[in-house]
Amino acid sequence: MNDNTQQSTHQPHLLHSIILIILETIVTFLLKHDRASRIHAKSFVQNNVTIAFKTFLPASDFYVTFDNKGILFDPDLTESNQVETFTVSASSIDLVRFLLTGNDRHLRRMRLFGGEEWHDQFRLFMHSLTLPMLFADWKSWLSKQQSNNLPQRSLEPLLNKLELQRIEISQLELEVKEQHNDLKSLERKLKNTHRMYLAIFTLIAIVTCAFIFL
């Protein structure tokens, strides 16, 4: 009976570890071969950023650490003095759907806590890992490889410039979306404020009229 209980306890942990190893292998491969994701991860690596993921449906916690050796996925913090830079809370369904579709609706459902200065960079990095973005990047890379109209040395500065411009455009698009969301939130707050003032003025008018006619 005890053996069966121990096996059932160890199986979820073993499955969790296997999934983290697979994720670590995939992301490491992408960072090695995909230039856009490597550029977005550069500041994380330089600052040894640690991201805590708190997922649900199903519930699972893990940590992603960036350093000069690469990227590590661990179920717990590996060092006693290590702390997370910020925390991501999201459903596993939203994470998977966002990586498969790149739909910002799923990204907006993710909640980020702490380390506010890293939030925009994290969203850009996540965008670079989505399938649509990866396909677009690799398709662009293949088309560049097939183009032999100019020597490679003369093409390289131009390609670097185009890549940087594409990254800047994606960052601007994200900023515009965030400003649009902030504007909607401000409009809702203004409407609520107007309703509150209207209720106060109505109440004052009713009380005033009551005193006049008494």
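Values below: every heavy atom of this structure, side chains too, minus hydrogens, waters and symmetry copies.
At distances below 3.5 Å, not a single donor-acceptor pair connects side-chain atoms of R109 with backbone N or O atoms of D94. The closest donor-acceptor contact from the side chain of D67 to the backbone of G70 lies under 3.5 Å. Judged purely by atom type and a 3.5 angstrom limit, N103 uses its side chain to pair as donor or acceptor with the backbone of R105.
With a 4.5 Å cut-off on side-chain heavy atoms, T130 and M133 count as touching. Side-chain contact between T101 and H106 is present, with heavy atoms from C-beta onward closer than 4.5 Å. Using a 4.5 Å cut-off on side-chain heavy atoms (C-beta onward), S92 and S60 make no contact.
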Show every donor-acceptor pair shorter than 3.5 Å between a side-chain atom in residues 191-198 and any protein atom, with sequence neighbours excluded, or say none if there are none.
from : atom 1 : to   : atom 2 : distance (Å)
N192 : ND2    : R188 : O      : 3.2
T193 : OG1    : K189 : O      : 2.8
H194 : ND1    : L190 : O      : 3.4

Show me the donor-acceptor pairs within less than 3.5 Å that the side chains of residues 40-50 make with the rest of the protein, sequence neighbours left out.
from : atom 1 : to  : atom 2 : distance (Å)
N47  : ND2    : S43 : O      : 2.8
T50  : OG1    : Q82 : NE2    : 3.0

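Scanning all heavy atoms of the two residues, the minimum distance from A52 to E84 falls at CB-CB, 3.9 Å. Between G114 and H119 the shortest heavy-atom distance is O-NE2, 2.7 Å. Contact record, E24 with T28: O-OG1, 2.6 Å, taken as the closest heavy-atom pair. Closest approach of L57 to I93, counting heavy atoms only: O-CG1, 4.1 Å. Taking all atoms of both residues into account, the shortest heavy-atom contact from F73 to L20 is CB-O, 3.7 Å. Contact between R111 and R108 at its shortest, heavy atoms only, is NH1-O, 2.8 Å.
Residues passing the side chain to side chain donor-acceptor pair (under 3.5 Å) test with D120 are R123, sequence neighbours excluded.
For the 3.5 Å distance criterion, the side chains of S37 and D34 qualify, holding a donor opposite an acceptor.
For F56, the CZ atom is densely surrounded, since the number of other residues' heavy atoms within 6.0 Å is greater than 12.
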Please test F53 against Y63 for ring pair (Phe, Tyr, Trp, His ring centres under 6.0 Å), starting from the C-alpha separation and ending with a verdict. CA-CA 6 Å; F53 281 84; Y63 297 86; 9.3 Å; no
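In this structure, D137 pairs ionically with R166, as a charged nitrogen and a carboxylate oxygen lie closer than 4.0 Å.
Expressed to the nearest 0.5 Å, how far NE2 of H180 lies from CD of E178 amounts to 12.5 Å.
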